[in-house]
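Worksheet for the structure shown next.
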Amino acid sequence: MCIHLFFPQTIRLPDSKINKNIRLIRFLNTTTLTVDGLIESGDIMTTVWQKGINSFLPPKFKPQKVLLLGLAGGSNARLINKYYPQAKITAVEIDPVMVNIGRQYFHLDRLKNLHIIVDDAVHYVKNLRPSQTFDLVMIDCFVGKEIPKKLENIVFLKKIKKHSRFVLINRLWWREGKDASIRFFRSIRSRLFFVKAHTISNIVISLV
């Protein structure tokens with residue numbers, strides 16, 4: 001009998017060079033990944049991305065190529081695989097430890113059409129060729145509770161938009177994360193058009 005079917009079970013994992021305080025929380029039939037207290041994979045993140053997909057993508061949208069910047073335990077990859085089983089997914093994750101966690105605890109190796117690249121998101125996007133385009137890009141890059149400033153750079157965001165029909169970005173919408181998101185919106189609103197969709201804890205924006 002699995003004890004986590006009745007009581008939450010927390011597994012502490014070693015820190016990586018990039019991410020600290022990594023925890024897996026198992027309860028009932030779900031596994032949640034937290035890093036420095038922030039939920040990075042699990043049912044909550046699935047709900048966040050469902051909100052973005054349902055709010056911004058056309059009902060008959062059938063992407064062939066999807067780029068995920070930030071993977072962690074792969075809630076985003078699983079959702080894309082469920083909604084768009086025909087899509088080929090490229091996932092860029094900077095931390096190889098997160099890739100291993102995704103494979104070991106979230107069974108990402110079972111997802112068809114998922115190709116994982118260990119690289120920095122900014123470096124990967126900077127080196128995209130003009131012919132490399134995607135139908136959808138989903139950005140979910142955190143180090144702990146922070147989004148690196150280079151991922152908010154207007155040049156970086158404009159280049160992503162050039163390479164994709166739809167660009168969705170996940171950000172926090174509570175406590176300090178809300179203040180940081182408001183500052184980010186103010187910094188880009190005169191140079192990029194975007195629309196927003198809220199969940200209780202997060203906000204997904206779509207570059208248009």
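Along the sequence shown, the residues carry numbers beginning at 1.
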Same cluster or not: Phe61 versus Leu67, using hydrophobic residues (I, L, V, M, F, W, Y) connected whenever any side-chain heavy atoms lie under 4.5 Å apart? no
Walk me through whether Leu57 and Tyr84 qualify under side chain to side chain contact (heavy atoms under 4.5 Å, CB included). CA-CA 12 Å; Leu57 302 184; Tyr84 311 114; 3.5 Å; yes
Could you walk me through whether Ile205 and Phe56 satisfy the side chain to side chain contact (heavy atoms under 4.5 Å, CB included) test, starting with their C-alpha distance in whole Å, then the side-chain angles of each, then the deciding distance to 0.1 Å, before giving a yes or no?
CA-CA 9 Å; Ile205 73 169; Phe56 301 126; over 6 Å; no
Review point. Any donor-acceptor pair under 3.5 Å linking the side chain of Ser164 with the backbone of Val167?
Key: no
Closest non-hydrogen contact found for Ser41 with Ala72 is OG-CB, 3.6 Å
Closest heavy-atom pair, Ile80 versus Ala87, reported as atoms and distance to 0.1 Å, is CG2-CB, 4.4 Å
Around atom CD of Gln86, are there more than 12 heavy atoms of other residues, nucleotides or ligands at under 6.0 Å? yes
For this session: Answer yes or no: does atom CD1 of Ile44 have more than 12 heavy-atom neighbours from other residues, nucleotides or ligands under 6.0 Å?
Result: no
request  = Could you tell me whether the side chain of His163 and the main chain of Gln132 form a donor-acceptor pair under 3.5 Å?
outcome  = yes
Of Asn76, Leu108, Val66, Leu111, the one forming a side chain to side chain contact (heavy atoms under 4.5 Å, CB included) with Asn81 is Leu111
Q.
Would Leu172 and Asn202 count as a side chain to side chain contact (heavy atoms under 4.5 Å, CB included) here? Give the steps.
A. CA-CA 4 Å; Leu172 297 178; Asn202 292 61; 3.9 Å; yes
Sorted by chain and number, sequence neighbours left out, ring-ring contact (aromatic ring centres under 6.0 Å, His included) with Phe184 holds for none
Could you tell me whether Phe185 and Phe194 have their ring centroids closer than 6.0 angstrom?
yes
Next on the checklist: With a sphere of 6.0 Å drawn around NZ of Lys159, does it hold more than 12 non-hydrogen atoms of other residues, nucleotides or ligands?
Outcome noted: yes
Does atom NZ of Lys62 have more than 12 heavy-atom neighbours, drawn from other residues, nucleotides or ligands, at distances under 6.0 Å? no
Steps toward ring-ring contact (aromatic ring centres under 6.0 Å, His included) verdict (Phe134, Phe166): CA-CA 8 Å; Phe134 301 90; Phe166 293 98; over 10 Å; no
| Does NE2 in His123 sit with more than 12 non-hydrogen atoms of other residues, nucleotides or ligands closer than 6.0 Å? | no
| Asn170 versus Met45: any side-chain heavy-atom pair under 4.5 Å? | yes
Tightest non-hydrogen contact, residues Pro96 and Val118, listed as CD-CG1, 4.1 Å
query: Do you reckon Ile94 sits in the same ILVMFWY cluster as Leu71, going by side-chain contacts under 4.5 Å, direct or chained?
result: no
Under a 3.5 Å distance rule, please check whether Glu146 uses its side chain to pair with a backbone N or O of Val143 as donor and acceptor.
no
The complete set of salt bridge (charged side-chain N to carboxylate O under 4.0 Å, His left out) pairs with one or both residues in residues 105-114, sequence neighbours excluded, reads Arg103-Asp109
Under a 4.0 Å threshold between the charged nitrogen and the carboxylate oxygen, would Asp120 count as salt-bridged to Lys150? yes
### Task
Examine distances only and state if a side-chain atom of Arg165 and a backbone atom of Lys161 form a donor-acceptor pair shorter than 3.5 Å.
no
Under a 4.5 Å side-chain heavy-atom rule over Ile, Leu, Val, Met, Phe, Trp and Tyr, are Leu157 and Val204 clustered together? no
Is Phe156 close to Leu151 at the side-chain level, that is, under 4.5 Å between some pair of heavy atoms?
-> yes
Please lay out, stage by stage, how Glu152 and Arg171 fare under the test salt bridge (Lys or Arg N to Asp or Glu O under 4.0 Å).
CA-CA 11 Å; Glu152 299 178 334; Arg171 296 190 61 96; 2.8 Å; yes
Per side chain to side chain contact (heavy atoms under 4.5 Å, CB included), Leu33 is matched among Ile11, Ile22, Ile39, Leu38 by Ile22
Q.
Whether the side chain of Asn113 engages the backbone of Ile89 through a donor-acceptor N/O pair (distance < 3.5 Å, no angle test) should be reported.
A. no
Q. So, the side chain of Ser75 versus the backbone of Gly42: is there a donor-acceptor pair under 3.5 Å, distance only?
A. yes
Checklist line | Common cluster, Ile147/Ile160, ILVMFWY with side-chain heavy-atom separation under 4.5 Å | finding: yes
Here the pair of heavy atoms bringing Lys51 nearest to His198 is CE-O, 3.2 Å
query: With distance as the sole test, does Asp135 use its side chain to make a donor-acceptor pair with the main-chain N or O of Gln64 at under 3.5 Å?
result: yes
What one should report as the nearest heavy-atom pair of Arg189 and Arg186 is CG-O, 3.7 Å
Is Ile18 reachable from Val35 through a run of hydrophobic residues whose side-chain heavy atoms are each under 4.5 Å from the next? no
inquiry  = Does Tyr83 form a side chain to side chain contact (heavy atoms under 4.5 Å, CB included) with Asn54? I'd like the steps, not just the answer.
reply    = CA-CA 11 Å; Tyr83 277 31; Asn54 294 334; 4.0 Å; yes
In short, Asp36 meets Gly144 closest at the heavy-atom pair CB-CA, 4.0 Å
